[in-house]
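Since we're looking at a predicted model, the values are computed, not measured.
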Amino acid sequence: MTEPVVAQKSPIAIEVEAGKSYWWCACGMSKKQPFCDGSHKGSGFTPMKYDAEATKKVFFCACKNTGKQPLCDGSHKKL
Ligand code: FES
């Protein structure tokens, strides 16, 4: 598997908490988008850690084609 699965063509807004860490699904196969549920095993993909520095709403990439992992950069519009 070299290309990630497009989980959906729009970002997922999450209210993150300052000081907490989150594991973003990079493979696109997780059933708990935008976070990793372990489905990547054997795919060659691994999740990416996101450390929240502030409590705020962030938009995690769900198309998995962003250039600013793990956040949305609008790349889903080109898919
Ligand atoms: Fe996609 Fe873990 S399930 S990176």
Checking [X] side chain against [Y] main chain: does a donor-acceptor pair fall under 3.5 Å?
X: Thr66; Y: Leu71; value: yes
X: Ser30; Y: Phe35; value: yes
X: Trp23; Y: Thr46; value: no
X: Asp37; Y: Lys31; value: yes

Please report the shortest heavy-atom distance between [X] and [Y], naming the atom on each side.
X: Phe45; Y: Ala26; answer: CD2-O, 3.8 Å
X: Ser43; Y: Met29; answer: CB-CE, 3.7 Å
X: Gly67; Y: Ser75; answer: N-OG, 4.1 Å

Quick one: SG on Cys27 to NZ on Lys41, what's the gap to the nearest 0.5 Å?
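Here the interatomic distance stands at 10.5 Å.
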With rounding to the nearest 0.5 Å, note down the distance linking CD in Gln8 to CG in Leu79.
12.0 Å
With a 4.5 Å heavy-atom cut-off, do [X] and [Y] have their side chains touching?
X: Ile14; Y: Pro34; result: yes
X: Tyr22; Y: Glu17; result: yes
X: Trp24; Y: Pro47; result: no
X: His40; Y: Cys25; result: no

Can you hop from Ile12 to Met48 via hydrophobic side chains spaced under 4.5 Å?
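In one cluster with Ile12: Met48, yes.
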Candidate pair Gln69 and Cys61, rule side-chain contact (heavy atoms from CB on, under 4.5 Å), full reasoning:
CA-CA 7 Å; Gln69 295 181 345; Cys61 170; over 6 Å; no
Kindly assign one of parallel, tilted or perpendicular to the pair Tyr50 and Phe60, based on the angle between their ring planes and the thresholds 30° and 60°.
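Perpendicular: the ring planes of Tyr50 and Phe60 meet at over 60°.
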State, without any angle test, whether Lys64 and Gln33 hold a side-chain donor-acceptor pair at a distance under 3.5 Å.
yes
Working note: Thr55 + Val16, criterion side-chain contact (heavy atoms from CB on, under 4.5 Å); need CA distance, chi angles, decisive distance, verdict.
CA-CA 5 Å; Thr55 297; Val16 297; over 6 Å; no
Verify the neighbour count for atom CD of Glu53: are there more than 12 heavy atoms of other residues, nucleotides or ligands below 6.0 Å?
no
